[in-house]
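This report concerns only the one structure given below.
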Amino acid sequence: MADTLKNTDSPPVVRFAPSPTGYLHIGGARTALFNWLYAKANSGRFLLRIEDTDRARNNPDAVKAIADGLHWLGLDWEGDAVSQFARAERHAEVAHELLTKGQAYRCYLTPDELADMRKQAEAEKRAFKIRSPWRDKGPDDGPKNQPYSVRLKMPQTGETVVEDKVQGPVTFANQDLDDFILLRSDGSPTYHLAVVVDDHDMGVTHVIRGVDHLNNAARQSQIYVAMDWPLPVWAHVPLIHGSDGAKLSKRHGALGVEAYRAMGYLPEALRNYLVRLGWSHGDDEIMSTAQLIDWFGLDGIGKSPARFDTQKLEDLNAHYIRDSDDDALLRHIQTLLPEMEGGSETVKKLAENDGWTKLKLALPGLKPRAKTLCAIVEGAAFITAERPLTLEPKAAKLLDDDAKSVLAKLRSQLETVDAWQPQTLEDAVRSFAEDTGLKLGKVAQPMRAALTGRTVSPPVFDVMAVLGRSESLARLADQSS
RNA sequence: GCCCCGUUCGUCUAGUGGCCUAGGACGCUGGCCUCUCACGCCUGAAACACGGGUUCGAGUCCCGUACGGGGCGCCA
């Protein structure tokens, strides 16, 4: 935590600035998390801004999806989300100030002319660089009543150094940076202008974003310089790649966070997984939010890209499921169920016969066996199963004639059990096995098959306790002979 | 093509010149526990991209090569 502004008087201000193109994808979620943690770790402020400068990208549903995703992850921002589009006038104002200061100029090059120049450069196999003839003309030299764009007069010699907290100092030769557009010919601001003006106006002190913006930082820093504004601290974090090392695609991880929620992941697990992608604190793997806030710093962020690994996410999720208390888990399941396949039917069934009570009772047995909430629901299917149970093939195979006669004998034994509790039931079954000279497994496996219709389940004694006396005995009777 | 950045077990990473016969985690082997499956515990295999320097000494510093990534819009 050796960040420069850490010990200065003013607390840092950071922001997450997604463009509203779709859902909150996994890379964006991590960027948001890093920003949020940085703010929390340094008693700073975390703001949200929607980069909707390009109206074609505007999409209210996307804004909502992003907000929902952030809320679900527990990343709350201060105040209302800022709409970049709404601030277009201010952006134009700054562009005009730059114009009067002589730091920018009116460029009458048309998009068509530019396209031709680009094509020609390509044909000649040389790097295309915009050299606007208007750069050195006077402010009144242009044609009257012609649309023009406003370009920043970038320095043409020397170099621009981006002092980056993650990447280190990154040097760009100014001759490689051309005069980019601040204001389009229709008067609307471009992204570069808008980001800088908004970050400045919002008091953003630290810009933490993906490395795909590193080159932009060189350009953008020249706007700060031209306006004589203090530069923010930059921190460009590496991107997240798919499991095959290629760019994140839908197949492996580029899903929205809501997709992970629907798959039964816990927000704290996803957060823990995401923070370890690119950031580390020694050998620590499982970290509470409080620890994260305590430990997070820009100096712990690595420079190389990470691959998304579902298995590790699953493992983390399993950890958090095991550590969750039953009521919290139940609430999560409750909100998730309606979105799951066949979930509404399960909800209906759980509403009958004390289903929820039974589920809660079964949770301790289900938790260590599940990697996701969906797996818990799946494992709890025996609770809502209706008699006579449909048996899985393997379970049916277990219930051969021998097994069925064992179950018949066992069932009459169990009828005499008064306290229908796991321990007493286990005692009863164990002594039954001993008396009949059978190994416990020879009794328990057929029981499991009869009780759940499966070969895998929580301990059979727990299952019987959850199911209750009459249901348990009835299911055993169904498979007795 | 040009400009930036990166490269430690399959994956995420620790490592800031000697503590490294390179540590942890996920996954994978084998085993223990055990009514099944998990959990838990114990084991094992598995990496410093390559080539040159610098240094008494390099995973750690420098240069080059290869590979990978990002960027080169009146998109964000």
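Residue numbering restarts at 1 for every chain, and letters A, B, ... go by the order of the sequence lines. Everything numeric here is computed off the predicted structure, so don't read it as measured data. Hydrogens, waters and symmetry mates play no part in the numbers below; they use all other heavy atoms, side chains included.
Atom name P, nucleotides B/G52 and B/C5: the rounded distance is 25 Å, in whole Å. Comparing the same atom, C1', in B/U43 and in B/C28 gives a spacing of 13 Å after rounding to whole Å. The same atom, P, is picked in B/G23 and in B/C37; the two are 33 Å apart, to the nearest Å. Separation of the P atoms belonging to B/U54 and B/C2 is 31 Å when rounded to the nearest angstrom. Of the P atoms belonging to B/C62 and B/G68, the separation is 24 Å, rounded to the nearest Å. For the C1' atoms, the distance from B/G1 to B/A25 is 42 Å, rounded to whole Å.
If you measure from atom CD1 of A/Ile240 to atom P of B/U13, you get 9 Å, rounded to the nearest angstrom. Atoms CG (A/Asp178) and P (B/G73) sit 7 Å apart, rounded to a whole Å. As rounded to whole Å, 9 Å separates atom P of B/C35 from atom NZ of A/Lys439. Put simply, CH2 on A/Trp279 is 16 Å from C1' on B/G15, counting in whole angstrom units.
Nucleic acid contact class of A/Gly379 (heavy atoms, under 4.0 Å, all strands): none. Using a 4.0 Å heavy-atom distance criterion, A/Gln167 is classed as a sugar-phosphate-only contact. Nucleic acid contact class of A/Ser304 (heavy atoms, under 4.0 Å, all strands): sugar-phosphate only. Note on A/Pro18: nothing from the nucleic acid sits closer than 4.0 angstrom, heavy atoms only. Within the nucleic acid shown, A/Tyr273 has no heavy atom closer than 4.0 Å to any nucleic acid atom. A/Asn216 comes within contact range of at least one nucleobase, with a heavy-atom separation under 4.0 Å. Among the heavy atoms of the strands lying under 4.0 Å from A/Val460 is at least one base atom, whether or not backbone atoms are also near. Residue A/Thr110 is in base contact, counting any heavy-atom pair closer than 4.0 Å across all strands shown. Across all strands, A/His213 comes closer than 4.0 Å to base atoms (heavy-atom distances). At a threshold of 4.0 angstrom between heavy atoms, the contacts of A/Leu109 include nucleobase atoms, whether or not backbone atoms are also involved.
The nucleotide whose nearest atom lies closest to any side-chain atom of A/His241 is, among B/G69, B/C4, B/C26, B/G69. For A/Ala306, the side-chain atoms get nearest to B/U13 when compared with the rest of B/C35, B/U13, B/A76. Looking at the side chain of A/Leu114, the nearest of the listed nucleotides B/C4, B/C74, B/G24 is B/C74. With B/A76, B/C74, B/U36 as the choices, the nucleotide that has an atom nearest any side-chain atom of A/Val456 turns out to be B/U36. In this structure, the nucleotide among B/C35, B/C39, B/A25 sitting nearest to the side chain of A/Pro368 is B/C39. Taking every side-chain heavy atom of A/Asn215 into account, B/C3 is the closest of B/U36, B/C3, B/C74. Checking B/G27, B/C3, B/A76 against every side-chain atom of A/Lys371, the shortest atom distance belongs to B/G27. Side chain of A/Leu214, nearest nucleotide from B/A76, B/U36, B/C4: B/C4.
No side-chain donor from either of A/Thr110 and A/Asp112 sits under 3.5 Å from a side-chain acceptor of the other. Judged purely by distance below 3.5 Å, without hydrogens or angles, the side chains of A/His91 and A/Asp198 pair a donor atom with an acceptor atom. A donor-acceptor pair shorter than 3.5 Å cannot be found between the side chains of A/Arg448 and A/Thr452. When only modelled atom types and interatomic distance are considered, A/Asp427 and A/Gln423 share a side-chain donor-acceptor pair under 3.5 Å. Under 3.5 Å, the side chains of A/Asn174 and A/Thr160 contain a donor-acceptor pair of N or O atoms. For A/Glu159 and A/Thr171, the side-chain atoms include no donor-acceptor pair closer than 3.5 Å.
Nearest-nucleotide positions on RNA chain B for A/Thr171 and A/Asp283 put A/Thr171 closer to the 5' end. The residue among A/Arg322 and A/Leu440 whose nearest nucleotide of RNA chain B lies closer to the 5′ end is A/Leu440.
If you check B/C56 for Watson-Crick or wobble pairing at under 3.5 angstrom, you find it paired to B/G18. Across the strands present, B/C32 finds its partner in B/G40; the criterion is a Watson-Crick or G-U wobble pair with both atom distances under 3.5 angstrom. A 3.5 Å limit on both hydrogen-bonding distances identifies B/U11 as the Watson-Crick or G-U partner of B/A25. Base pairing of B/G64: its partner is B/C50, meeting the Watson-Crick or G-U wobble criterion (both donor-acceptor distances under 3.5 Å). Pair assignment for B/C2: B/G71, on the basis of Watson-Crick or G-U wobble contacts that are both within less than 3.5 Å.
A/Trp279 is not listed as a side-chain neighbour of A/Leu33, based on a closest heavy-atom distance of 4.5 Å or more.
Looking at A/Thr190, its side chain has no donor and acceptor atom pair within 3.5 Å of the base of B/C74.
Between A/Arg118 and B/C74, a side-chain N or O to OP1/OP2 separation shorter than 4.0 Å is present. Residue A/Lys312 places no side-chain N or O under 4.0 Å from the OP1 or OP2 atom of B/C12. In this model, the phosphate group of B/U36 is not approached by any side-chain N or O of A/Thr455 to a distance below 4.0 Å at OP1 or OP2.
Using a 30° and 60° split on the angle between ring planes, A/Trp295 and A/His281 fall in the parallel class, below 30°.
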